[in-house]
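The structure appears below as structure tokens.
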Amino acid sequence: MSALRPGDITDDMIQAMDTAKRQGLQQDLRTLAANIRADTESRYDSEEPGWRSGVEWALLWIENTASQLTEGRPGAGAGGRGQGVSPE
């Protein structure tokens, strides 16, 4: 089996790898949001409304960030640094 050389890797291969990374990160973020939501709904139901709205804001931010990973928006790379995502 021969090793890949730099010229063997095409732009399509690089794009496919980037897409796979984005989709994996998107899935991880959505799983994280679902786990946080399930944990907070059952554990902290009696907490103050301000606390609950803070958690909802964080969940919305996570979900917005996950959505941007596959929308192809500028700056929404797999590194997670979008352009000032705000759920408001």
Can you measure from CE (Met17) to CG (Asp12) and round to the nearest 0.5 angstrom? 12.5 Å
Working to the nearest 0.5 angstrom, can you tell me the gap between Arg37 CZ and Glu63 CD?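 Going from CZ on Arg37 over to CD on Glu63, the span is 4.5 Å.
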List for me each residue that meets side-chain contact (heavy atoms from CB on, under 4.5 Å) alongside [X], sequence neighbours excluded, and say none if there are none.
X	value
Leu32	Ile36, Ile62
Gln23	Thr19, Thr70
Met13	Ile9, Thr10

Going by salt bridge (charged side-chain N to carboxylate O under 4.0 Å, His left out), name the residues that satisfy it together with Arg30, two or more places apart in sequence or in a different chain. none
Suppose we screen for salt bridge (charged side-chain N to carboxylate O under 4.0 Å, His left out). Which residues come up paired with Asp8, at least two apart in sequence or across chains?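 With neighbours one apart ignored, the set is Arg5.
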For Ala66, does its backbone N or O pair with a side-chain atom of Gln26 as donor and acceptor, under 3.5 Å?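 At least one qualifying donor-acceptor pair exists.
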Beyond-backbone contact of Leu59 with Val55, side-chain heavy atoms, under 4.5 angstrom: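 Yes. Closest side-chain heavy atoms under 4.5 Å.
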